[in-house]
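A short write-up of the structure that comes next.
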Amino acid sequence: MVQVPRGTRDFPPDEMQKRRYLEHNMAATFTSFGYGEIQTPTFENLELFTAKSGESIINELYAFTDKGGRALALRPELTAPVIRCYVERLQMEPKPLKLFYFGNCYRYDRPQKGRYREFQQAGCEVIGTDTCEATAELLALAYTLLRNTGLKNIRLNIGNLTIISAIFKKLHLLKDDQKILLPLIDKSQFDDLKIALRDCNVSDQMGDAFIEVLQTSDVTKIRSFIADDTDAKTELTTMETILDLLKNAFHINEYEIKLSIVRGLDYYKGLVFEIDAPVLGAEKQLCGGGSYDLVPLFGGTEVPTSGFAIGFDRTILALEEEGFLFPTPKLDVFIIPVNQTMNTISIQIAQELRSHGISADFDQLRRGVGKSLKYADAKHVEKVIIVGPKELENKTVTLRDMKTGNQEIVALPDIYTKLKKI
RNA sequence: GCCCGAAUAGUGUAGCCUGGUAACAUAUGGGACUGUGGAUCCUCUGUGCCGGGUUCAAAUCCCGGUUCGGGCCCCA
C-alpha cells in the first residue's frame, strides 16, 4: 500500500475543522493589530536559505535541482522568503509594514511528536520600525495571539543578544568560543557551560557570575554585571522601557527575563523571545522571534526588522492537551424523503435553504426514515425535515428537532423563517 | 544521522512468550421495516507494514528495510 511520506500527514475533515478554526482565529488577531496577509512560494532559490546560514543547512533542507538546472529548495521557514519579497517589491510601501502569513514549511529532520517534515508556521514580520512601542507590541501580539486561540498555560521568556554579546566581549571570548557556548546556553546546560567557560580561560568566579546572570530575571543583577559596558547598559534601558510598556500599556504581566534565550539562527540581534507550552514536554516551544538583520543581505536598503514564527501544529497539540473544545460547524438541516417520489421537492427545499445561508443536505442513498434519522444523528445534525406525501397534500412537511425529538408540521413557505432562528 | 520500543479489518484491541484454520468490539453497507425503529435484532464486505530466512508449517522465531512513538543531535 502506498502511504504518506515520512514526516507528513493527511488532515481528514475533523482535523481540518481544528486547523481552519485556528487559522481564522489567528488571522483575526493579526488583522486587529493592523497586519496584512502575505503569501510567498513554497519553494525558493536555494541561495536564499544558504545566504546566511551557510552550506551546512542544505542537510536539513529539501533541496533539489529542477529540469532547467536551477538549484531550489522547499522553504524551511518564512522569514527569509518574506524579507526577499520585501526587498524585491515592497521597499517603497509606507512604513511600518506589518505582514503576517501562514504557510507549510519543510525540513529534513527526524520526525517525532509535534515535529514533522512538512509543518505549518504562522508568523509575522514588522519592517521599518524598532521603537520600543513597536517591539512591545510585537511581544504583546505574540502573547495575545496564543491566548486568543484559547490556550491557558503559556510562558513568555525574553532575552537579549546585544547584552549577551557585550558579556562575551567582557569575558574576552572569541567567535569560535561563542559557537561552542551558545548552544549550551540555549539548552540551559549550565554544568557543561561552566566547564566550557573554564576551557575558554574564563575564571571560575566570572563564569559563575555569568551563569547566575543567565538565569536571573532580576534587572538590577544584570545591570551590575554589565555596569562597565555602555552599549549593553543602553540596550538594557531600552529593554526596560519595552517591558514597562508591555506591562503598563498592553497590560501583559506574565513574562520572564531570561538571558539564556539566544535562538538558533544567527541573524537575530537585540531582543529575542520564546513562548513555551509546558504541557507539550520535550517539544514545547510554540513561538520564537525577535529583531534580526536580513534586508541588507538580500540587497535591500537597511531598515529595522523584527518578527516571530509560531509552530501551528504544536499550537493545535497544546490546545488538545489542554482539553480545548474546538468549535464544530455542523450541518443545520438534513432532509429525508419518505420515498423516491419525494426526491424533487426535497432537493428544492435543500436548495432554497442553501440559498439563505442554511447548510442543508438530503438522503442520497434512498434509505428508510429510520436509517436516515440514524445517519442524521451520527452527523450531529440539529434539525431534520421529513418530506412525505401525507403532509405534502397540505403543502406542509415535518420538522424534527434532533436534540429534543419534538416534531411539528410546518407549511412549505414557512420553513426558512422557522429555521432562521437557529 | 544515533539509541530504545511498537506495527493485526476504517477505528480500538486479543492471540505472539510455548509456530498448526486469524478473533472480539465498534464503525460502514444491506435487511427485518412500503412513514418516526436516532432503538433492537440479523447479515455482507473488510485484517497480519514490506522483503528475505528457519520450518512439513510463521501473525508468532531470526535478519534487513519502512513507518510511527520515546529519547539524542538539531530545531518549530
Side-chain angles (χ1 to χ4, degrees), chain A residues 1-10 12 14 53 56-57 59-61 75-79 102-123 142 146 182-184 186-187 189 261-266 268 273-277 280-289 307-318 334 336-342 346 363-393 397-409:
Chain A
M1 189 172 40
V2 182
Q3 303 171 333
V4 292
R6 183 172 163 84
T8 67
R9 296 157 293 163
D10 295 317
D14 56 331
S53 313
S56 61
I57 197 162
N59 293 328
E60 287 165 23
L61 289 178
R75 58 189 179 197
E77 49 101 24
L78 282 155
T79 299
F102 296 97
N104 38 4
C105 299
Y106 303 83
R107 286 184 202 177
Y108 196 89
D109 254 346
R110 161 78 172 76
Q112 48 183 280
K113 197 180 180 73
R115 203 167 154 188
Y116 308 93
R117 289 185 168 178
E118 181 185 53
F119 59 98
Q120 175 121 342
Q121 276 196 345
L146 286 170
L182 280 173
L184 295 174
D186 190 34
K187 277 173 279 177
Q189 293 175 352
I261 302 288
V262 292
R263 308 289 303 144
L265 297 166
D266 46 6
Y268 283 107
F273 65 96
E274 293 180 354
I275 299 177
D276 293 342
L280 290 184
E283 301 288 336
K284 67 177 196 284
Q285 194 190 320
L286 286 183
C287 172
F308 61 80
I310 287 175
F312 189 87
D313 307 283
R314 284 187 192 173
T315 307
I316 291 199
L317 279 176
F334 187 73
I336 304 173
V338 162
N339 59 48
Q340 283 181 55
T341 60
M342 298 295 112
S346 296
D363 174 53
Q364 304 182 350
L365 271 167
R366 303 176 178 181
R367 279 184 289 219
V369 174
K371 280 276 158 74
S372 286
L373 284 170
K374 196 181 168 187
Y375 174 80
D377 183 47
K379 288 284 187 182
H380 304 110
V381 181
E382 310 253 324
K383 306 269 186 184
V384 160
I385 291 173
I386 300 166
V387 185
K390 274 190 272 173
E391 298 94 324
L392 209 55
E393 276 177 29
V397 292
T398 301
L399 179 65
R400 182 184 179 92
D401 185 305
M402 291 300 280
K403 274 195 196 117
T404 62
N406 294 338
Q407 293 194 171
E408 55 183 321
I409 306 295

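Proteins get letters first, then strands, A, B, ... in listed order; numbering begins at 1 in each.
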Could you tell me if the side chain of [Y] sits less than 4.5 Å from the side chain of [X], heavy atoms only?
X	Y	value
A/H380	A/K403	no
A/E382	A/M402	no
A/S372	A/I386	no

Problem - Residues forming a side chain to side chain donor-acceptor pair (under 3.5 Å) with A/R400, sequence neighbours excluded - result: A/Q407
Practice task
Check side chain to side chain donor-acceptor pair (under 3.5 Å) between A/D109 and all other residues, then give those that pass, not counting sequence neighbours.
Solution key: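 Result, side chain to side chain donor-acceptor pair (under 3.5 Å) vs A/D109: A/R115.
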Problem - Side-chain donor/acceptor contact of A/E391 with base of B/G35 under 3.5 Å - result: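 Indeed there is one.
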Distance check needed: [N] [atom2] versus [X] [atom1], whole Å only.
X	N	atom1	atom2	answer
A/D14	B/U11	CG	P	13 Å
A/M342	B/U34	CE	P	16 Å
A/R400	B/G35	CZ	C1'	12 Å
A/K374	B/C33	NZ	P	17 Å
A/I409	B/G35	CD1	C1'	11 Å
A/E77	B/C74	CD	P	19 Å
A/I261	B/C75	CD1	C1'	14 Å
A/F119	B/C74	CZ	P	17 Å

Who is the Watson-Crick or G-U wobble partner of [N], with both distances under 3.5 Å?
N	result
B/U55	none
B/C24	B/G12
B/C72	B/G1
B/G46	none
B/G37	none

Show which side-chain atoms of residues 307-317 of chain A pair as donor or acceptor with protein atoms under 3.5 Å away, not counting sequence neighbours.
{"unit_1": "A/D313", "atom_1": "OD1", "unit_2": "A/R9", "atom_2": "NH1", "d": "3.3"}
{"unit_1": "A/D313", "atom_1": "OD1", "unit_2": "A/R9", "atom_2": "NH2", "d": "2.9"}
{"unit_1": "A/D313", "atom_1": "OD1", "unit_2": "A/R19", "atom_2": "NH1", "d": "3.1"}
{"unit_1": "A/D313", "atom_1": "OD1", "unit_2": "A/R19", "atom_2": "NH2", "d": "3.0"}
{"unit_1": "A/D313", "atom_1": "OD2", "unit_2": "A/Q120", "atom_2": "N", "d": "2.8"}
{"unit_1": "A/R314", "atom_1": "NE", "unit_2": "A/G114", "atom_2": "O", "d": "2.8"}
{"unit_1": "A/R314", "atom_1": "NH1", "unit_2": "A/Q285", "atom_2": "O", "d": "3.0"}
{"unit_1": "A/R314", "atom_1": "NH2", "unit_2": "A/G114", "atom_2": "O", "d": "3.4"}
{"unit_1": "A/R314", "atom_1": "NH2", "unit_2": "A/E283", "atom_2": "OE1", "d": "2.8"}
{"unit_1": "A/T315", "atom_1": "OG1", "unit_2": "A/G311", "atom_2": "O", "d": "2.8"}

I'd like the [atom1] distance from [M] over to [N], given in whole Å.
N	M	atom1	result
B/A76	B/U67	P	24 Å
B/C16	B/G29	C1'	33 Å
B/U45	B/C3	P	46 Å
B/G64	B/U47	C1'	25 Å
B/G12	B/A27	P	15 Å
B/C62	B/C44	C1'	40 Å
B/G51	B/A14	P	25 Å
B/A7	B/C61	P	10 Å

Under 4.0 Å between any heavy atoms, over every strand shown, what does [X] touch: base, sugar-phosphate, or nothing? Just pick one.
X	value
A/S372	nothing
A/P389	base
A/G388	base
A/N104	nothing
A/I310	nothing

Please tabulate, one pair per line, each protein N/O and nucleotide N/O from nucleotides 68-73 of chain B that are separated by under 3.5 Å, including the distance.
{"unit_1": "B/C68", "atom_1": "OP1", "unit_2": "A/G7", "atom_2": "N", "d": "2.7"}
{"unit_1": "B/C68", "atom_1": "OP2", "unit_2": "A/R6", "atom_2": "NH1", "d": "3.1"}
{"unit_1": "B/G69", "atom_1": "O6", "unit_2": "A/R110", "atom_2": "NH2", "d": "3.0"}
{"unit_1": "B/G70", "atom_1": "OP2", "unit_2": "A/K113", "atom_2": "N", "d": "2.8"}
{"unit_1": "B/G70", "atom_1": "O6", "unit_2": "A/R110", "atom_2": "NH2", "d": "2.5"}
{"unit_1": "B/G71", "atom_1": "O6", "unit_2": "A/R110", "atom_2": "NE", "d": "3.4"}
{"unit_1": "B/C73", "atom_1": "N4", "unit_2": "A/R115", "atom_2": "NH1", "d": "2.7"}

Handout entry: More than 12 heavy atoms from other groups under 6.0 Å of CZ on A/R6
Key =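 Enclosed: over 12 neighbouring heavy atoms sit under 6.0 Å from CZ of A/R6.
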Problem - Neighbour count above 12 (heavy atom, 6.0 Å) for A/D14 CG - result: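 Enclosed: over 12 neighbouring heavy atoms sit under 6.0 Å from CG of A/D14.
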Practice task
Identify, with sequence neighbours excluded, every residue that meets salt bridge (Lys or Arg N to Asp or Glu O under 4.0 Å) alongside A/D377.
Solution key: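 Partners of A/D377 by the salt bridge (Lys or Arg N to Asp or Glu O under 4.0 Å) criterion come out as none, since no residue qualifies.
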Problem - A/Y108 and A/E60: side chain donor to acceptor below 3.5 Å - result: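 No.
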Problem - Closest non-hydrogen atom pair between A/F273 and A/C287, with its separation - result: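 Scanning both residues completely, I find the closest heavy atoms to be CE1-SG, 4.0 Å.
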Handout entry: Shortest non-hydrogen separation from A/E391 to A/I409 and the atoms involved
Key =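 Closest approach of A/E391 to A/I409, heavy atoms only: CG-CD1, 4.1 Å.
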Are there any protein N/O atoms within less than 3.5 Å of an N/O atom in nucleotides 40-44 of chain B, and if so, which ones and at what distance?
none

Problem - Earlier contact from the 5' end, RNA chain B, for A/R107 and A/V387 - result: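 Mapping each residue to its closest nucleotide by heavy atoms, the 5'-most match is A/V387.
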Problem - Nearest-nucleotide comparison on RNA chain B, the residue closer to the 5′ end among A/L286 and A/D377 - result: A/D377
Problem - Minimum-distance nucleotide to A/Y108 side chain [options: B/A76, B/U28, B/G1] - result: B/G1
Exercise for the section: Look at the side-chain N and O atoms of A/R367 and state whether any lies under 4.0 Å from the OP1 or OP2 oxygen of B/G29. Expected result: yes
